[in-house]
Enquirer: 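Here you go, one structure.
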Amino acid sequence: MITEVVKPSEIHKVDPVFGQLSFDNHEQIVFCNDKDTGLKAIIGIHNTVLGPALGGTRMWAYNNEWEALNDVLRLSRGMTFKSAVTGLDLGGGKAVIIGDAKTQKTPELMRKFAEYVHSLSGKYITAEDVGMETADMDLVREVTPYVTGISESKGGSGNPSPITAYGVFMGMKAAAKFKFGSDNLEGKTVLVQGIGHVGESLVDHLTREGAQVMIADINQARLEQVRDAYGATIFGGEDLYSAPVDIYAPCALGAIINDDTINKIQAKVIAGAANNQLADEKKHGQMLLDRGIAYAPDFLINAGGIINVYAEIAGYGKDEIMRRTENIYNTTLEIFGHAASNKITTHQAALQVAQGRIDARKLEQKK
Ligand code: NAD
């Protein structure tokens, strides 16, 4: 995905919104400002052909408004393709609130934000993202019904991370089937980078299947905790990208497949939960293909979370959530097949399949 931020010194060279490099024909961008609560937020609605634009709200202390705008445009576009490739009747949207979630988030600010969400009459539906908690979504719910990811006790779908991890596990198995001829991960060496909410649950699935799991994290206490709980090995080398493993699962940061890391990667399969793993979608996707590394597109295999919150709108239960998440295995295999037969990257293949669904629906709507 395009990630460039227009430098303030070059502001005169582009149209500030429609000229943004991350602007991809977004349908609507809403700037929300409230002096009394200090709310400054942007809601990005990328595409609503398949359904209401659903995506989380991120609260972050951006360095400037350009960064915030760039982030919301990039993230909302990503949601369109994630939901489309997963087969959900949802469009893509996302919101960012500018500020430090630890010091500037107040109930008044969240309620005011919820009023803006409500003013869109359901065209945008919000959820939790970085800087937000389930309790914040419960607050938003007091003002508007256009919110998902509220507490289970209030009828919501609860914590999405274990479902996300299950989908990543399914996507990884499909990638292994494509690359190694078998989806059985027993005996395979897997490096999980980032053992937070999703990573830990992925380690659980992997160790149950008999994989040799290595873990890496910047949090030493967590490393020891997860090692003790699952018998995983803490990665002890100098450079984790050069680790001689079969599978690499990025579950921490975005843009970790970049000019500095890509040529060091020894793994034959990359399948993880982190969003936007490719620093440059086209260039790094192609380099992975050229190096014979099977890359399971992040936005496809980490869709368990959105499948989970979509249950609140579509009204299905846990069994259907698990069935749809398990189906990430089949979709991933289809994407690998589509990429191989068209000699394109898996990332491009997933985008094409997603776009194909949107275009077909648009045609139907015109009839
Ligand atoms: P989390 O914050 O619980 O865990 C992230 C972990 O990564 C933490 O343990 C952190 O210490 C570690 N980390 C941070 N920087 C690191 C570094 N440089 N090297 C190694 N480890 C590092 O987050 P999460 O909910 O587990 O999500 C993980 C990733 O998956 C994120 O990129 C998130 O956007 C993506 N994702 C999550 C969900 C979900 O349902 N939680 C859904 C879709 C995508």
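Note that these values count all heavy atoms, side chains included, but never hydrogens, waters or copies made by symmetry. In each ligand, atom 1 is the first atom listed, and ligand 1 is the first ligand listed.
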Enquirer: Are Val198 and Tyr166 co-members of a hydrophobic cluster defined by side-chain heavy atoms under 4.5 Å apart?
Expert: no

Enquirer: For ligand 1, which atoms sit closer than 4.0 Å to a heavy atom of Thr164?
Expert: 38 (C), 39 (C), 40 (O), 42 (C), 43 (C)

Enquirer: Could you label the plane-to-plane angle of the His118 and Tyr146 rings as parallel, tilted or perpendicular, counting under 30° as parallel and over 60° as perpendicular?
Expert: parallel

Enquirer: Nearest to atom 4 (O) of ligand 1, what protein heavy atom do you find, and at what distance?
Expert: Gly196 CA, 3.2 Å

Enquirer: What is the nearest protein non-hydrogen atom to atom 30 (O) of ligand 1, stated with its residue, atom name and distance?
Expert: Ala273 O, 3.3 Å

Enquirer: Among Leu90, Asn275, Leu54, Leu88, exactly one meets side chain to side chain contact (heavy atoms under 4.5 Å, CB included) together with Lys82. Which residue is that?
Expert: Asn275

Enquirer: Under 4.0 Å from atom 2 (O) of ligand 1, do we find at least one protein heavy atom?
Expert: no

Enquirer: May I ask you to decide whether Arg227 forms a salt bridge with Glu224, counting only side-chain N to carboxylate O separations under 4.0 Å?
Expert: no

Enquirer: Purely on distance, is any nitrogen or oxygen of His197 under 3.5 Å from one on ligand 1?
Expert: yes

Enquirer: Hydrophobic cluster membership, with links at side-chain heavy-atom distances under 4.5 Å among I/L/V/M/F/W/Y: are Leu289 and Ile301 in one?
Expert: no

Enquirer: Please report whether ligand 1 has a polar contact with Asn219, defined as an N or O pair separated by less than 3.5 Å (distance criterion only).
Expert: no

Enquirer: Between ligand 1 and Asp217, is the shortest N or O to N or O distance under 3.5 Å?
Expert: yes

Enquirer: Among all protein heavy atoms in this structure, tell me which lies nearest to atom 27 (O) of ligand 1, with the distance rounded to 0.1 Å.
Expert: Val198 CG2, 3.9 Å

Enquirer: Could you tell me whether some N/O pair between Arg222 and ligand 1 is separated by less than 3.5 angstrom?
Expert: no

Enquirer: Are Val143 and Val117 joined in one hydrophobic group, where the rule is that I, L, V, M, F, W and Y side chains link up if heavy atoms are under 4.5 Å apart?
Expert: no

Enquirer: Name the one of Thr345, Leu351, Asn276 that satisfies side chain to side chain contact (heavy atoms under 4.5 Å, CB included) with Glu281?
Expert: Leu351

Enquirer: Going by heavy atoms in the side chains, are Met287 and Asn263 under 4.5 Å from each other?
Expert: yes

Enquirer: Looking only at protein heavy atoms, which one is nearest to atom 18 (N) of ligand 1, and what is the separation?
Expert: Leu253 CD1, 3.4 Å

Enquirer: Indicate yes or no: at least one non-hydrogen side-chain atom of Met59 is less than 4.5 angstrom from one of Lys105.
Expert: yes

Enquirer: At under 4.0 Å between heavy atoms, which part of Ile163 makes contact with ligand 1: side chain, backbone, both or neither?
Expert: neither

Enquirer: Among all protein heavy atoms, pick the one closest to atom 34 (O) of ligand 1 and tell me residue, atom and distance.
Expert: Asn275 ND2, 3.1 Å

Enquirer: Looking only at non-hydrogen atoms, which of Leu202, Ile218, Asp129 approaches atom 16 (C) of ligand 1 most closely?
Expert: Ile218

Enquirer: Charged N to carboxylate O under 4.0 angstrom, Arg111 versus Glu115?
Expert: no

Enquirer: Nearest non-hydrogen contact with atom 7 (O) of ligand 1 belongs to which option: Pro160, Ala252, Pro162?
Expert: Ala252

Enquirer: When you measure from atom 41 (N) of ligand 1 to every protein heavy atom, which one gives the shortest distance, and what is it?
Expert: Ser161 OG, 3.2 Å

Enquirer: Measure the acute angle between the ring planes of His46 and Phe81, then classify it against the limits of 30° and 60° as parallel, tilted or perpendicular.
Expert: tilted

Enquirer: Counting non-hydrogen protein atoms only, what is the nearest one to atom 43 (C) of ligand 1? Give residue, atom name and distance.
Expert: Asn302 O, 3.6 Å

Enquirer: Which bit of Cys251 is near ligand 1, meaning a heavy atom under 4.0 Å away: side chain, backbone, both or neither?
Expert: backbone

